[in-house]
**Student:** 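Quick one: the structure is below, questions incoming.
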Amino acid sequence: MTAEIISGKEVAKTIRAELAEEVAQLKEEHGVVPGLCTVLVGEDPASVSYVTAKGKACEKIGVKSFQHKLPAETSEADLLKLVDELNHNEEVNGILVQLPLPKHIQESKVLYAIDPDKDVDGFHPVNVGRLVIGEELFPPCTPAGIQELIVRSGTPTEGAELVVVGRSNIVGKPISIMMLQKKAGANSTVTVCHTRTRDMAAHTTRADILIVAAGKPKAVTAEMVKPGATVIDVGVNRIGFTESGKAKLVGDVDFDAVKEVAGKITPVPGGVGPMTITMLLKNTVRAARLRQDNGAP
Ligand SMILES: NC(=O)c1ccc[n+]([C@@H]2O[C@H](COP(=O)([O-])OP(=O)(O)OC[C@H]3O[C@@H](n4cnc5c(N)ncnc54)[C@H](OP(=O)(O)O)[C@@H]3O)[C@@H](O)[C@H]2O)c1
């Protein structure tokens, strides 16, 4: 059996088309154009390319994109001042401070200064709390993308044995909580594995849905997967370069072997990756919609 490939590229394209329609509707009915502001401190090449990609993605669906590119030596006080200005800027519905920040700036201080109603990354403790109690405003983007891939691939989640490998604050923990909620597209029985888990295969071989976010190539091999399972590979590991000089990427799952056992599987690249920016766009449009519904001037 060879698994069906869940194409994040295709799902992302569909969602972006849905969002473009919603953006057009907001403009037509209320004269509102959602705006996302990215803040980049320093010139880390990966961060520069992420911020550029986010700006382009916004423009393609009609979301206004603002960018602040600050020098690496920017002080924490100046960055906090900018965040405060953006919190009060009516054209900005979503604020994204690109991580990592230079070492002299305390990341949590900056992230916690963002107005929770503009926190489209979903990292503010208020939004994390809302997520835990099932009243989320802005689910964090990568976990939200994972959930969309599971649901839109037609994988039943209700009552499913769902195993997550990894317990980070940005992927493992939030996706575990989201899939546990008493809601459509969730209602799963969730197990979370990490480096102290005694016998990981004993858990993963039970999984109807297996989500792997370990940051280690081949952390999951074919023997660890239940036949027919849906496997979502979140990992992005750089393992050298392709012949054309591009970074060669692999996930955390031994893809070639696991695809012969799984029922459905996401590739790397082209799986979870394209979903993350798409969910950022979705949160930004939601922020604009909520502001409108809450009686913005
Ligand atoms: N596609 C995207 O948009 C996207 C977004 C975010 C992250 N990612 C990728 O997803 C991966 C995970 O990211 P992250 O930020 O969650 O990483 P992280 O902060 O390094 O967390 C990794 C987690 O996996 C666990 N782990 C590591 N090796 C393991 C193993 N062999 N067996 C069981 N558990 C193991 C760790 O356990 P301990 O807690 O015990 O250390 C930790 O909880 C990375 O490759 C990252 O690049 C992709």
Side-chain angles (χ1 to χ4, degrees), residues 6-12 15-16 38 44-47 49-54 57 96-101 107-108 111 120-123 128 131 138-150 162-179 190-207 210-225 231-240 247-255 258 265-283:
I6 304 174
S7 167
K9 268 192 202 162
E10 286 306 312
V11 177
I15 297 175
R16 289 184 198 201
T38 53
D44 170 61
S47 296
S49 79
Y50 290 146
V51 164
T52 308
K54 286 165 187 173
L96 183 139
V97 177
Q98 185 65 47
L99 300 180
L101 289 170
E107 279 181 1
S108 58
L111 296 181
V120 286
D121 247 347
F123 291 156
V128 176
L131 185 87
F138 305 118
C141 301
T142 300
I146 295 169
Q147 189 176 29
E148 288 278 3
L149 287 177
I150 294 169
L162 184 147
V163 175
V164 180
V165 179
R167 56 175 166 184
S168 72
N169 287 334
I170 62 165
V171 188
K173 269 186 218 159
I175 190 62
S176 316
I177 291 163
M178 289 161 76
M179 298 310 295
V190 176
T191 303
V192 185
C193 299
H194 45 78
T195 56
R196 304 299 193 272
T197 299
R198 239 179 282 137
D199 180 359
M200 197 162 82
H203 299 285
T204 57
T205 47
R206 282 191 297 107
L210 179 59
I211 300 170
V212 190
K216 299 258 160 40
K218 298 194 182 175
V220 167
T221 56
E223 310 74 62
M224 297 167 77
V225 175
V231 179
I232 307 290
D233 189 352
V234 189
V236 179
N237 304 292
R238 287 175 175 77
I239 53 152
K248 195 169 178 202
L249 304 179
V250 295
D252 291 346
V253 171
D254 183 0
F255 181 83
V258 171
I265 188 167
T266 59
V268 177
V272 175
M275 295 298 291
T276 298
I277 293 184
T278 305
M279 294 299 110
L280 175 70
L281 299 174
K282 189 168 179 177
N283 280 347

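In this chain, residues are counted from 1 in sequence order. Order of listing sets the numbers, starting from 1, for every ligand and every atom in it. Keep in mind the model is a prediction, meaning the values are calculated, not measured.
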**Student:** Rounded to the nearest 0.5 Å, what's the gap from CE on Met179 to CD1 on Ile150? Could you check?
**Tutor:** 4.5 Å

**Student:** Quick one: look at Thr197 and ligand 1, take heavy-atom pairs under 4.0 Å, and tell me if it's side chain, backbone, both or neither.
**Tutor:**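 Neither part.
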
**Student:** So, using side chain to side chain contact (heavy atoms under 4.5 Å, CB included) as the criterion, who are the partners of Ser176 when residues are at least two apart?
**Tutor:** Val164, Val190, Val192

**Student:** How far is atom 5 (C) of ligand 1 from its nearest protein heavy atom, and which residue and atom is that?
**Tutor:**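 The closest one turns out to be Thr142 OG1, 3.2 Å.
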
**Student:** How about atom 20 (O) of ligand 1: does it have a protein heavy atom within less than 4.0 Å?
**Tutor:** no

**Student:** Restricting to non-hydrogen atoms, name the atom on Cys193 and the atom on Val163 that form the minimum distance, rounded to 0.1 Å.
**Tutor:**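 Smallest interatomic distance, heavy atoms only, reads SG-CG1, 3.9 Å.
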
**Student:** Does the side chain of Pro174 come within less than 4.5 Å of Thr142's, by heavy atoms?
**Tutor:**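 No, every pair of side-chain atoms sits at 4.5 Å or beyond.
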
**Student:** Please list, in number order, the atoms of ligand 1 under 4.0 Å from a heavy atom of Met200.
**Tutor:**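 In order of number, 32 (N), 33 (C).
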
**Student:** Got the closest protein heavy atom to atom 48 (C) of ligand 1, with its distance?
**Tutor:**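 Nearest neighbour among protein heavy atoms for atom 48 (C) of ligand 1, to 0.1 Å: Val234 O, 3.2 Å.
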
**Student:** I'd like to check which ligand 1 atoms, numbered from 1 as shown, lie under 4.0 Å from a non-hydrogen atom of Val165.
**Tutor:** 33 (C), 34 (N)

**Student:** Which residues satisfy the side chain to side chain contact (heavy atoms under 4.5 Å, CB included) test with Ile170, sequence neighbours excluded?
**Tutor:** Phe123, Ser168

**Student:** Atom CG in Leu99, atom CG in Asp44: separation rounded to 0.5 Å?
**Tutor:** 11.0 Å

**Student:** Run the numbers for me: atoms of ligand 1, each under 4.0 Å from some heavy atom of Gly273, listed by number.
**Tutor:** 1 (N)

**Student:** Atom 15 (O) of ligand 1: which protein heavy atom is closest, and how many Å away?
**Tutor:** Ile170 CD1, 3.4 Å

**Student:** For Met275 and Ile146, what are the C-alpha separation, side-chain angles and deciding distance, and is it a side chain to side chain contact (heavy atoms under 4.5 Å, CB included)?
**Tutor:** CA-CA 8 Å; Met275 295 298 291; Ile146 295 169; over 6 Å; no

**Student:** Please could you name the atoms of ligand 1 that Lys216 approaches to less than 4.0 Å, counting only its heavy atoms?
**Tutor:**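 Atoms satisfying the 4.0 Å criterion: 27 (C), 28 (N).
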
**Student:** Using heavy-atom distances, let me know which of Ser168, Gly215, Ala214 sits nearest atom 22 (C) of ligand 1.
**Tutor:**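 The nearest heavy atom belongs to Ala214.
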
**Student:** Starting from atom 46 (C) of ligand 1, find the nearest protein heavy-atom neighbour and note its residue, name and distance.
**Tutor:** Val236 N, 4.2 Å

**Student:** Which residue and non-hydrogen atom of the protein lie closest to atom 25 (C) of ligand 1, and at what distance in Å?
**Tutor:** Gly166 CA, 3.9 Å

**Student:** Between ligand 1 and Thr195, is the shortest N or O to N or O distance under 3.5 Å?
**Tutor:** yes

**Student:** Within the structure, does Val171 bring an N/O atom to less than 3.5 angstrom of an N/O atom in ligand 1?
**Tutor:** no

**Student:** Considering distance alone, does some N or O of Thr276 sit under 3.5 Å from an N or O of ligand 1?
**Tutor:** yes

**Student:** Tell me which protein heavy atom sits closest to atom 42 (C) of ligand 1, plus the residue, atom name and distance to 0.1 Å.
**Tutor:**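 Closest protein heavy atom to atom 42 (C) of ligand 1: Arg167 N, 4.0 Å.
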
**Student:** Which pair of heavy atoms, one from Thr221 and one from Val258, lies closest together, and at what distance?
**Tutor:** C-CG2, 3.7 Å

**Student:** Is there a heavy atom in Gly172 that sits closer than 4.0 Å to ligand 1?
**Tutor:**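 For ligand 1, residue contact (heavy atoms, under 4.0 Å) with Gly172 is absent.
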
**Student:** For the pair Asp121 and Cys141, evaluate side chain to side chain contact (heavy atoms under 4.5 Å, CB included) and give the outcome as yes or no after the intermediate values.
**Tutor:** CA-CA 6 Å; Asp121 247 347; Cys141 301; 4.0 Å; yes

**Student:** Quick one: closest heavy-atom pair of Pro274 and Gly271, and the distance?
**Tutor:** CD-O, 3.2 Å

**Student:** With respect to atom 31 (N) of ligand 1, which of Pro217, Ala219, Pro140 exhibits the smallest heavy-atom separation?
**Tutor:**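 Going through Pro217, Ala219, Pro140 one by one, Ala219 has the nearest heavy atom to atom 31 (N) of ligand 1.
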
**Student:** Identify the two heavy atoms, one from Thr266 and one from Asp233, that lie closest to each other, and give their separation to 0.1 Å.
**Tutor:** OG1-N, 2.9 Å

